[in-house]
Structures are given as C-alpha cells and as structure tokens.
Amino acid sequence: MLRPFTRSTCRVAAIQRRFISSKGSKLLKPATELHTSLASNQALAGVNGGLGFLKSSQVSMSPGFDPYDMSHASAVKSMTQSRDVMQLWSLLEACLYSKYMNRAFAILQSLYMVSSHRPYFIDDYNMYLASYVQNGFAHSIADLDRKLSTDLQEKFPACEYDDKTLAIMIHNALRSGESSDTVGNSIHTYLRMNMKGVKSIMSHVDILTVSDYKALLEEFDVIKVYEVPETVRSLVEKEVTQGATDTELVVESDHSISTEQEPTSASTESQLAESIKPRSALESTNSESWLSLDETVKPLEKDAAKLTAVDTLGMRVVRHTLLGLNLNEQQRQNIAQFHFKADENLLNLDQKKSIDFFEVYRSLKSDAERSEFEKSLDQFNQERQRALESRATDAAKERWKHDFEEARARGDISIEKRLNVKLWKWYNAMLPLLKEEVKFCSEVMSGKPPSRRLSSGEIKQNKTRQDYGAYLSLVDPEKMCVITILELLKLNSTGGVIEGMRTARAVIAVGKAIEMEFRSEQLLKSELQIFKDVNRKSHEFKKYVQRAKNSFRSIKIEESKVVWPQAARAKIGSIMISMLIHVAKVDLEGIDPVTKQKVHGEAPAFSHGYQYHNGSKLGVLKIHRSLIHQLNGERLVASVQPQLLPMLVKPRPWKSWNSGGYYYTQSSLIRSKDSPEQMAYLKAVSNAGAIDTVYQGLNVLGETAWTVNRRVFDVMSEVWNSGKDFLEIPGIQEKLDLLPAPPRESDPSVHREWKLKNKEIANKFSSNRSVRCDSNYKLEIARAFLGEKFYFPHNLDFRGRAYPLSPHFNHLGNDMSRGLLIFWKGKRLGPRGLKWLKVHLSNLFGFDKAPLADRIAYAEAHLKDVKRSAEDPLAGDGWWMKADKPWQALATCIEINEAYKLPNPEDFISHQPVHQDGTCNGLQHYAALGGDIEGATQVNLVPNDRPQDVYAHVAKLVQARLEAAAAKGDEQAETLKDKITRKVVKQTVMTNVYGVTYVGATFQIEKQLSHIFDDRTYSLELSKYLTKHVFAAVRELFHGAHLIQDWLGECAKRISKSIRLDVDEKSFKNGNKPDFMSSVIWTTPLGLPIVQPYREASKKQVTTNLQTVFISDPFSVNPVNARRQKAGFPPNFIHSLDASHMLLSAAACGEEGLDFASVHDSYWTHACDVDQMNSCLREQFIKLHEVDLIERLKNEFDERYKNYVQIAKIDKQSELAKKIIAIRSNLSVKLGKPATLADEIYMEKRRTQLLESEDPEEQEIGRNMETTVSVTELIDNLEELEVKKTGTTTLMILVPMRLPQIPPKGNFDVQDLRNSKYFFS
Amino acid sequence: MSLPVRSLKELSKIKHWYGFKYLLNPEVHQAIFDKLRLEDTYRDTTKFKVLDLYPGPSQQSAIFYNRFKPQQYVLMESRADFLTQLKKEYSNSPIDVIEKDPYDWSSYVDLIDQSKKLQVEKQSLDHINDSFLTIGNLTNPAHEGLLMQWYSCIGNRNWLQRFGRVKMLLWVPTSSAVKLLARPGSISRSKCSVVREAFTETNLVALSDTEEVKLFDDSVITANNPIIISDTDIWQIRDKGISLLEINPTAHHIDLDNWEYVTKHLLILKGTPLIDALESLGHGAKDYFKDKITNQDLLNKSPNKLTNEEFIYLTDLFAKWPFKPDIFMDFVDIYQDDSF
DNA sequence: GTATTGTCTACCGACAATATCAGTAGGTACTGG
DNA sequence: CCGGTACCTACTGATATAAGTAATAGACAATAT
C-alpha cells in the first residue's frame, strides 16, 4: 500500500495545525530545522506540553540526584552511604521512641561521620533534641542550653542549628515551669537567634503545641498572629477570643487514652443532646415528610438495646443532625440507639448492630438533606477512620477475650475447640515472654553490664539483641502479640506450602505489620501531644481542630523518611514468631502406631522446618493439621491489615511523592520495586511541582465514593454459606486426599506419574482454597462496609498505572468484587442513562461486538429474564449466571428491574457503574502512534457503523492465509483451515502487544488446539505452524504498530547496552566488556518519569532467629538486565501512555463533576454520564496523541543519553578500522601499556569535557583532539560498516550511541476518532 | 572375533561430547579390568549379558567385549553424533546397538519387556547377579540427577535392579563420586552418601588425576586404592575429573518412606546437634525424640556424623510416633498461573 | 579473541532459597626490640 | 614506645542441596578454551 506521508511531512502538518490552533505562538520553526534536544521538544510540546512533560523532562534531565547518574565508583559509594544512613536512621528513630537516649546519641555520632549526609544532619539532631525534651530529659532551660552548646560546639562542630532547633528550645522553655521572667528572657533570646525569621520558627507545628502558640501570643506577647502558621491560627485565635468565658468546656475523652475518663452518664447526656438544636433549615421540612420512604430500613442486627449511649459530645451532634432529617420511625430508632462512638463502631467486624447509612442516605428526598446528612456522616467517619487505622488490632484481641470468657462462663465443654479461645490462650502465654524479652533488650540497649556471668550462648543472644532490641520496644507488647498471631493465620496456605507458609514471608510480614502499627501509633501519639491542651468542644471548633490535625499529619508523614530495612523487619518478625512457636500449643489425639491405642498429647501449633523445591531449600512454617480445619471455617477478616482497608473518608489528596492516601499510614505515589533510581527522579520532579496533573487525576479516583451493593451481597452471602461451589467460588473442601503411593518396586515411571498426579491434586486443592479464602476476604470486607460510604485511595505502579491501595476488595478485582461495588452517589438515569444501562448489561453478557442499537435491543429482548433474575436470583434458570460476568450482570439486572418498576424508568436513581472499554487499548495507542489506517480501523479509532472485532478479523486473515497455503497442497494448512476461530487467536493477539515470543505463542495456541486434536505431539506441531501464520497476520494488520514496537525495542536494547563516558575501570572487571548500567528512562506526557527497574538482582542472606532469609538489597549498584529492559520497554511505554490517558480522563471527568473509576483501559461512571465521559476521554486521547510522541521520545532519549557510547563491530579491513587501530597503538605507547576500552573511554570523556568547557582555548583543544570515538563521528554511513557476525576479521570499536531512525508514520489523523462511536464502548 | 578398538587420536576428532567425558586409553582400561576381577563374578560367559549405557565413543565397550566375550553385549545410546558412528561400526558384529535414551524409563521396558531384545535372568538377593552387568557413563555433571535416581532404584529394587543385585560400573564426575563416597563426619556427607551406604557397597576403582582427589576422605583412598588416570587419557578433562565406581548392591530392610523423610530433613541441618535438628521433623518432634533417645551422645551428634544405622534407628522411632506429620505432604507446589 | 554451553522464553499488580564452610579483613592482645 | 605477629571474630562469597529435564527452538549472553 502506498504511504504518501512520511513522518517528517506529517510533522509539518501537525505543527501547522498547531499554529492555527494556538494563535500567537512564537516559537515555530519549520520541521526541517528542528534539531535534537529539548529545544525541539519545546516546539513539540504544543498543547500537551502543558500537561507536565516539558517541565518534568527538564527537571529530570539535570544530573546529580540519581545514583546511577554518576560514575560507578561514586555510585557504589553513595549507595553504600545511603544504606548506612537508612539503617542508622531507622535505628535512631527506634531508639528515640524507646527512649534509649544514650544509644541514640551514639547513632547520631555515627550519622555525623557520614560525610555526604552532613547537610541534613541537623534534621536528625533536631529529632533527637525534640525527643530529649519530650521525654523530660531536659531538667531546666539552662540545662538544655548547656546541652545544645556542648553538642553543637564540641560534638558536632560542623553542624549548625536551624529554626526548628529554636522551636524545640522555645517549646522546652514553655513547658519548663520556670518563672515567667526566665522563660520570657529565654524565648526572647531564641527568637533573636532565628535563621529565617520568626515565622520560620513558628512554622514547626509538629514541635509547638497549640498552648505554646497561645502562650507566645498572649502571655509573652512576643509574636504576632500572622506569624502563627495558618493551619493552627484559627485554633489559637478562637482560643484567644473565646477565652475563659467559654461555658462549653468539656473534657474530651480522647480515643486512644480513653481509659482516663469515665464517660458521662446517659441521662446528662441526653439532656445535653436535647440542648443542641438541629439546623433550622431542616426543622422546617421535618414534620411533613417522614412518610415518604418506600420501605422500612432494616437494621443490620437487632439487639444491643442494653448498650447505653456513651458517645462524645461531637458525636452527639452528629446523631442529632441525623435525627433532624426526614426519617421513618425505624430509622429514627436505629439512629437514636446507635452508639455514636467512633472507636466502638469501627465497622461491623463483629455481629454488632450498625446503621445502614446508605439506606438512610438513599431514602432522603432533597439535595439539602442529603448534603446535610453527608456532612454529618463525614464528620463521624473522620473519627472512625482514625479509630479504624489505629485500634483494629485491639478489637481482634477483645474478641478473643470475649469468646474465651463467654465460653468459660457457659462452662462450655468444647471450649478447647474454639479458635478464638485458643488464640486468647496463646496471646496470654506469649505476652509475658515478650515482655521479658523486651526487658532483656532494654538492658542490653541501655548498656547495663550483665548482673552475672553469661554463657557464650547468652553473649551471642545479647549481640543479636543489639540488632533488633531497639525495634522491639516501640509498639505495645500486647499489640505485637496480636499482630504476630493474626499475620500467621492470614498467611496460612500461601506460597505453595500445603499447610503453612514460607518462613521468609512470614517473618517479613510480621515485621512489616509491626512497623505499620508503629507508624500509626507514632502519628497518633505525637498528634495527641500537640493537641492535648485543645479541649474546647464547640461544633465549629472541632472542625478547626480536625483541619489542623489533618495538616499536621501531612507534615509528619512527609517528614518521615525512614523505613525499616527489610533485614530489620525480618529479624523482629523472627523473634516474634519464635516466641509464638514456643508457646502456641494445640491438643491432639492420635493412634499409637505400635500399640494401636488412642493417645492424647500436645504439640506446638506452628512448626519450623524446610522443604525442597528443585533442590533448593525453602524454609516453611507449618500450621498444625488440627488448626487447619478450624481456619477453613473461620471468618478471618480481622487479620486484614486494618491500615489498608477501604477508607471511610476521602483519602488524603496526593500532594507530593510520599504524601497522599491513608491518614495514619505512609504510602508512596509509586510502588517502585526497590528502585531508588526511580524514586530519585520522582522526588525531583515532584518537588519541582511538575506532576500536578498526575495528582489531580489520582485524586479524582480517590474521591469516588462507593458502597456495597446489598442485594448482590445478600445473594452471595447465601451462596457462600451453603458451602457449595458456585460460579467462580469453589466449595468448601474437607481435606486434601492424596493418592496412595505405588509399591516401591514398581517402575520408576509409575512413581513419577504418582508424584505428578499428587502435585496436581495438591495444586488444585490449594488453589481452590486460596480462591475461596480470597473470596472470603472480599465478602467479609464487603460485609464490614455494608451501608457505609467508602473510598479507595490509589497509587501508581512504576509505569504510572493506577491501583487501589487496599488489597482483596476493590474495583480492580474479579467479577465478584466488581459486582459488589456500586457508587455511593445516585444519579437519575434519564433517557441516555437507561440506554447505557442496557448496553452495559449486554456487554456483561459478552454481547459487545454489535452496534449499540443491537445491544440495547438485546437487553430489551431479555427484560423478562432480567426481571426473573433480579427478583429471585437463586431460583429458576438463573439467567444472569450465564453472563460472561455474572455478578455484575446480576447487579445490573437488579437496577434495570427496579427502574422498570417505576412509571418512568428514566426517573430511576442509578448507582451502577457503567463501563466503557477500549478495544485492545494497547493496539489503539500503537495505531495512533504509527498512524496506520488499517490498524486504526481495526481497533475502532476510525468512525464506523459497527464495532470492529480485531480477534475475529485476525482469525479471518489467518483463515485466508491457510486457504492459500492449502490450495498449494500444504497438508497442515488443510487440516487447520476451518478450525480458526476468534478464540484460537485471541490470546496471542492480545499478548502480542506485550511482546510474546514465538515459543510462548506456540504454547498458547497449542492450548487451544488441544481442545480440537487429541494427539498432543500433533497439536503441538500444528500450533507451531499456525503460530507463524498468526504472527504474520498480526504483523500485516498492524504494520505501523509493529514498526513502532520494533523501534522501541531497538532503542531499549541500545540504551541498555550503552556506556557512560564516566564509567570507571571497576566496571570493566570482566575483560573489555563493561557492566552496562543505564536503564531506559522516559517521561510520560503527564511528566511522570519512568525508570525501568530491571537490573540484575543481588540478594543476600540475612540471619534471623529462625533461619536465614534471602533478601534483596535495595542499595546495591547492579548492572541492568538488558533482556528485560528490551522486552519490557514497548509494553511499558504503551502502558505509560494509557495510564496518562486514564489520568487525563479522570481529571477531566472530575472537573465536570462526574464520578469516575477505572481499571486501566476500562472507564466507569454513572449511566447518565456515559456520554459526557465518552466525549472527555476522546478529547483527552486526541490531546495526548496530537503531538508526535515517538518523535518527542526520541528527542528525550537523544538528550538524556547524549555522549553515551556503544560497542560496534566493523570490518578490520575498512579504512575506519585502520584509523582506529592507529589511534589505539598511539594511546598504548603513551600509556606504556596496552590501551583498554576503559582508556579509550577516558580519552573520549576528556574530549567531551574540553568541548563543553567555558574556555575557548580548551574547546579548541577538544576540537583538535582525535579519539577512537571522534573518528567515527565523521563517518556518515556508520551503520553500513557494521558487521553482524563476529570473526577474526572484525574489530570492536566504540561509537556514539545512536538511536535508529523513527519508522515512517501512516496518515491516520487522530482527530478522526472524535466521532468514533466504538473507540471505547 | 575381536572388535576393532579405535585410538585416542581417532576419537579426538569427535566434536560433540554432550558434556560427557570418556577414558580413551586402552591400556588403562585393561588395567582397570585387571583390578576389577570381573571374572570372579561372571564365571559363565555363556549366560553373561551386559548393558552398556551411554557408551559414547565405545572404546571401552570394544575392549570389554574383546576381553570378556559375553553372551550378549547391548549398547544403549541416544545421541545422534555417537549413534551414527556406532551403527556404522557395529552393524555386523555381535554387539547390539539400541537407539534409545537411557534416560527414559520406558527404554528399558521396551528393551526387556516389550521387544525382548534383552532377556535378563532374575536372581535372588543373597548374591550379586552373576549373569548381568550394567556399565554406564554419566560423566556429564548436568545429569547427576540420573545417577542419583539409579542409586535410589537400587533401594527400590526396580528398574534394572529388579533382577537382583546387579553390579554396575559407572563413570561419574569425580565431584559426584566424592559426594557418594563421603563417610559419616565428612564435610561432604549428604543424603546421597547415606543412600550409597544403605543400599550398596561402592568402590572407587579409578579416577582422573585432578585436584579433586583431595576432597575424598583419606579412608576412601586408602581402602580403594584407585587407579589414577592421567589427564591426557581423558578428552576434555579441564579441571573436573571423572571417576569409575563399582557399585555392588546390597540387601536391605529399610522402611524407605519414613527413612527418606528423616534423612532428608535431618541433613538439611547437617551441622546442628540432633537435639535441635530433630525439631524440624514436625510439630513437637524434639520433645518426642528427647524422651525416646536415651543415648545423650547421639543427641549431641550432628546429622552429618550419623551412620546409616543411626538413621535407621531414628527412622524407627519416627515411624512409631503417634503424631508424626504426613510425610507425603512434604512438597511445595510452586505458583503456576494459567488464566485463559 | 572464538566456540561451546547455558538461559530464557508476555507486561503490570506480586510477594523473596538456605546451611555451612573457607577465606579474608579487621581488631586485639602480646611480645620483642 | 613502637611495630609486628599470633589469634580471634565477623563478614563475604562459594557451594551443595534434590533427583525426571513438563512441553519447544532459536536468539542471545556467558563461559571456557
């Protein structure tokens, strides 16, 4: 086919178009004048440069912050140092929180020795000092003054105090209790010492408390109101103005120290509650309309009438507001009885009663009411969220205790049988053990000499205590015990272990969970510290406090940079687990094999051992059989990390690379796989404020409120409780029955068969169990969130794709999870909405390749089925179960059915997310990049009457090829030719985008063909043959796409095989081949820098209490894995584009007020908003692809990898080769030894340095310098000189790294897709 | 009739050795056979049958045949480069060339049970089978697994060992020989050496002259007094040498399932005193064994110092343990992802 | 500097081998000059 | 008092482990000659 437009002419067209659209744009050179580098990317930036690419790529281009951005030696050094610093930090932090001040000071001294860290040292010192003050080690103002001056003058002379230091001094002075004069004088001095102004000192809200500010303002009058940071200003002002006249003084019973105050009695309370009047606006509507509810709202559990209301005042307000709404009697009663105390109503993890907030919300009639309701709910949820993130472990413990005591009270004989009773016993046995260990540790840590002579074993033990001791006293021992038990139960049957788990995973998981708990606790504690004096309790005021707290938390989280090293986690975890192993016992009953008598006994519940896999040992932690049975039936929702559940309030918006998501848990914007490299880029870009669009999009995703679809949940719950398998949920399995072993003397092949079969059985068994277990989690989480309003905080994978942070239950999950989720907010269907809902149903049934009208018709034709399915899902033929995605289909059936119950179905308020999916989204982006029309048509970029089905089309092409071959007498073609269905090729076409290899595809196709042909060898042979045709067909159809794919792969290969000029000899350790260190780095259109994390793994063994574990060291400097870099780049690049598209669409939809959710290439919104979303996403796709992204990528590469060299092979006889040989021998003479590749590189480096020098003379020298590289620059047809084969006649030389030519672009115009109905559908 | 014996010079032209190594000096071969005194075992050559696995260049096969003139001599070879040569060389000779892979268990079923090209006499377990000998070359370290499986077949009394105690002469990498011959207390002591001890009497007949010799226990060298083969007699020697093992199966009465479980697990912690290592056998194993074992010395021994007798003793205790774990669940099935 | 041998084998979310020993680096105590 | 040396400890890197190698074929990298 003729392709009249080359890429460059196309570029001219694009630029001209832009010229028209962006009037007055200055910088518009003709395309031919565009040279490499960012200058041209500035021109290319065009409309979408504003998205962030431009700024970001400039930021990330400046070297220095990335460990790989320097010579090898310094990289190693810096990485080693950062590892040291990280370890020291985490130890320092642990010591401070455990109040090992001496040890902390010693660590501080070590940190001080790390030279590269020196500039930041003051932060560490401040942390120490703050803790020193907080823990009451400073006895007087003068005392601390003395300490500060000795420390900074003698111990750390190169370190200077900063404004935070002063804030700490001021805080200390204020809390010293010394005479007002003394305090005042000191404060004066401190304020005068400021480095960046008084305001800068005052900005440290994490040090100064509200009462500090107040004192400074009022009592001492040394600061002005405007110098108080904004977030606390309102608090302080309020306090000042309201002063002591405030009658509303109530002592807050704070949730984490609630034991201190007894709650007020119920009677006073109700009086108080009475005194607070509901909003007048609501009062007016109050009387008339509580009849308007259609149905009675059922409470979740009726009981708990005995519970007295003991909620705090703030919550009483909430209740009162709620009662002020239009509610029916039942609802009123529920609310009146409801226990509005946040930490007693985390979620209905227990069988406690709770209110179906969703039902209440849905029954409200006016917007005003709804918004009032939501306001109250949100406020309530704020408290609950905090309680949830910080108290859930206690809740688990309480439950065990409760079960235990209940069983004992009842004199239950089967008491031993109950799981929770056992757990409670273990917990009680473990606790003293742990406490003792903590005591030993603190003795060791505080450097106390042992009271007696120690055995060598004890000395050793104490040595290891040095490693983990500091971490062990951070979290309340009770919590640590609970966490350990829960984590181990959670990990049952993971990692391919039949009745247990991998030790390595277990120890790390426990360590991590403890760390998480520590972080939450730490945040809470410091929050209490700061706000402890704030006790004024007006409704308004509470809001200020809330706001101040939130911003305080953000500061705290952003500030914390420490994570426990993996090794430390493992060590802590192993300590905890060994203790548990030691105490946790189960009672047994068995048959003595000799006497055949029944015997009773006791054995550890957990056992540490090993198993082999392919000759490698694997540490395993087995759980005793007798427990396994119990675990199967248990609801283990408690063991879900409470910090990672869906949130009851809107996630903290993303503001920087490490600030966003949960409130008490730090999460990172990007889930980097131990890649400090990408982190470095990310921080740089984030600090430069270049990725705001990313945050924007991500925040839209986080702000979408969800609730659980109760009707679907009820059906699922019923099915679940039956224990039978249903749809994708496997049934309960009693136990694993393996086949009996064949007699020893049977043929080895028989033994082998037996082993394979057993493996298969075990595999099936454990996969079934894990699926069932996972479903259990989903259901239990869903149950806990019934009637709740919740949100999913998101972050990104390393390519920028968004994922919810909460595991198990989220909208990215399987059909079951998705079927359980609906939008909290409801929207009236309207005419379009109703249509889309029908389309959605049809899509869920797999009827998605037809024109929209047909799909609507399909749904309409099945309205009767819909009705039956919706009204009695488990009776009848279960039509909905036949759908591709049955649970979602059921949810949709229910909505459609409800809608049709109304006189006008369009009036129905819909909560069902309706999906619009890209057809082969990867190929869509490829087609847009390559501009090939045929490909674009196939993936619906080109407007068409009916959607195109790529897979069917490929199948057709293959069929045509086979027919042609068969006609020529090809037997295999003849056999295959009428068997090519869509399904046969589907997987291969899909995975083609991911770079599936010929071999891989062969297996895929074989899997399909094996359904047709019985003979395995034959079908394998056929599939080999067929794969060739499928590959060829795909290649033909997506010609442009493949050229791009190849180009991307080639770029990645060259980059990952390129050498920086400032490598040093160390990386040349194996002969003349250096370690290649450069990974592929690019910037997405939104400005997100992506670094492919594929490097050679370097794992090390870490000794723990149980065994050694194999852990990768994130701070090692490893060469890249060129193969993975190459194979991964094309799909990763495309995914970075589809991620950009998604985030752009999210942001756009968010701006237009739509609820938006996405599963990468499937975008969801309310039925009535689908049209609007469709137009948004098309506009954003166009905006994204208006610029020639490939060209821009090349420019970015050219700039980033400028001056890199690569190795090439040329003919030894060529002129160039002779020249180079001559230069080399010259160099050798000069060096007095044979010149190596490293020497050549050094020479070239020298040349580029000269060329880039400021000094014109030096530049001149540089220009005249001849190096082995410079001579190649003069050759134009370098590529032609290159020889593929190695042999005696070839010469290895260095040439500048050059990227291949961009393939020509076809003439598909992305603007066309604006009118493509089926682009997403 | 005598078969021609190809010389080293001739054979060194072979390019592909498939990672195997062969002794290619006829004189040394003769010396080895002198030492082995096979005539003592196989007195009646009229019923003497030999199966030669992976004969490769088959120099040894020819020498063997010429020397012993067995009633039947079968070569089993699967590797194309060797096969063409073998077929050419022995097409009109008393030697049978079987084109089957000795790796496949089915090859033996075909050869013996189906096609009946080789008929082997089954003999009782009170003596070494005097009519059947297996010779083989498993010198490719990558195929060590097969060697170990053959060893375990001796214990199982299946495969070729179903015909009684069939002697085997196997060329193996010296590294494997070291492992197999390790005595209790040796640093190289591992499960396979316990297997050897349990099921066989294995002698080190000859080995190439490499540094690895030092890795053997002194007692092994003194007891066996092996012939040392010069580097130059073996093609592609590099630094990894080969050894010839004479394997004489013995009779045993071991509860194999439990025995395997116990030895396998204990030898993971081969340097840990038994008292601690035992706990890895299952929930509460330490407590159980501690009560049962009265010999304190045994409890303080580490597994790598245990003799097979001691392992059998432990196995016996293990078998009698009422709460012993399910030994057949002793594997992990690695995550396999098959959507579609 | 080449010939053979070894290692992969579709992207992401994701989740991991371990015991033991030899050799070495580094620190300490002791001793002799 | 100093340097040197013997001795000890901690750390690192290498090696063995089990024992069918699931299917397949070709590129590419690593290693040995």
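By convention in this document, chain letters (A, B, ...) are assigned in the order of the sequence lines, proteins followed by strands, and residues within each chain are numbered from 1.
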Distances under 3.5 Å between protein N/O atoms and the N/O atoms of nucleotides 20-22 of chain C, please, pair by pair.
from: C:dT20; atom 1: OP1; to: B:Lys270; atom 2: N; distance (Å): 3.4
from: C:dT20; atom 1: OP1; to: B:Gly271; atom 2: N; distance (Å): 2.7
from: C:dT20; atom 1: OP1; to: B:Thr272; atom 2: N; distance (Å): 3.3
from: C:dT20; atom 1: OP1; to: B:Thr272; atom 2: OG1; distance (Å): 3.2

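Distance noted for atom P between D:dA22 and C:dC15: 23 Å (whole Å). Between D:dG20 and C:dT18, the distance separating the two P atoms is 22 Å to the nearest Å. The gap from the P atom of D:dA14 to that of D:dT31 amounts to 12 Å, rounded to the nearest Å.
Under the side chain to side chain contact (heavy atoms under 4.5 Å, CB included) criterion, A:Arg1123 pairs with A:Asn1121, not counting sequence neighbours. Not counting sequence neighbours, B:Phe331 has no partner by the ring-ring contact (aromatic ring centres under 6.0 Å, His included) test. For A:Phe1110, there are no ring-ring contact (aromatic ring centres under 6.0 Å, His included) partners two or more places apart in sequence or in a different chain. For B:Asn304, the side-chain hydrogen bond (donor to acceptor under 3.5 Å, both in side chains) test picks out B:Ser302, with sequence neighbours left out. A:Lys1100 meets the salt bridge (charged side-chain N to carboxylate O under 4.0 Å, His left out) test with A:Asp1113; sequence neighbours excluded. In this structure, the side chain to side chain contact (heavy atoms under 4.5 Å, CB included) partners of A:Pro1130, at least two apart in sequence or on a different chain, are A:Tyr926, A:Gln1045, A:Leu1048.
Within the 4.0 angstrom heavy-atom criterion, only backbone atoms of the sugar-phosphate kind lie near A:Arg671; the bases stay farther away. Heavy atoms of A:Val993 sit nowhere under 4.0 angstrom from any nucleic acid atom. Residue A:Lys1057 is in sugar-phosphate contact alone, with no base atom involved, counting any heavy-atom pair closer than 4.0 Å across all strands shown. The residue B:Tyr103 sits close to a base: some heavy atom pair falls under 4.0 Å. At the heavy-atom level, A:Arg801 lies nowhere under 4.0 Å from the strands shown. A:His613 comes within 4.0 angstrom of nothing in the nucleic acid, heavy atoms only.
Proximity of a side-chain donor or acceptor of A:Thr503 to a complementary backbone N or O of A:Val620 within less than 3.5 Å is detected.
Each of B:Ala142 and A:Gly1128 has a nearest nucleotide on DNA chain C; the 5'-most of these lies closest to B:Ala142.
Below 30°, between 30° and 60°, or above 60°: for A:Phe809 and A:Phe792 the angle between ring planes is above 60°, a perpendicular geometry.
At a cut-off of 3.5 angstrom, the base of C:dA17 holds no donor-acceptor pair with the side chain of A:Gln1107. Remark: the A:Gln566 side chain and the C:dA16 base include a donor-acceptor N/O pair separated by less than 3.5 Å. In the interface, the side chain of A:Glu1006 is not paired with the base of D:dA23 through any donor and acceptor atom under 3.5 Å apart.
Checking D:dA19, D:dT21, C:dT18 against every side-chain atom of A:Asn614, the shortest atom distance belongs to D:dT21. Out of C:dA10, D:dT24, C:dG13, the shortest distance to the side chain of A:Val999 is found at D:dT24.
Pairing partner, C:dC12: none, since no Watson-Crick or wobble contact has both distances short of 3.5 Å.
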Strand DNA chain D in bracket notation, Watson-Crick/G-U under 3.5 Å with | for pairs to another chain
||.||||||||||||||.......||||||||.

N/O donor to acceptor pairs below 3.5 angstrom from side-chain atoms of residues 609-616 of chain A, sequence neighbours left out:
none

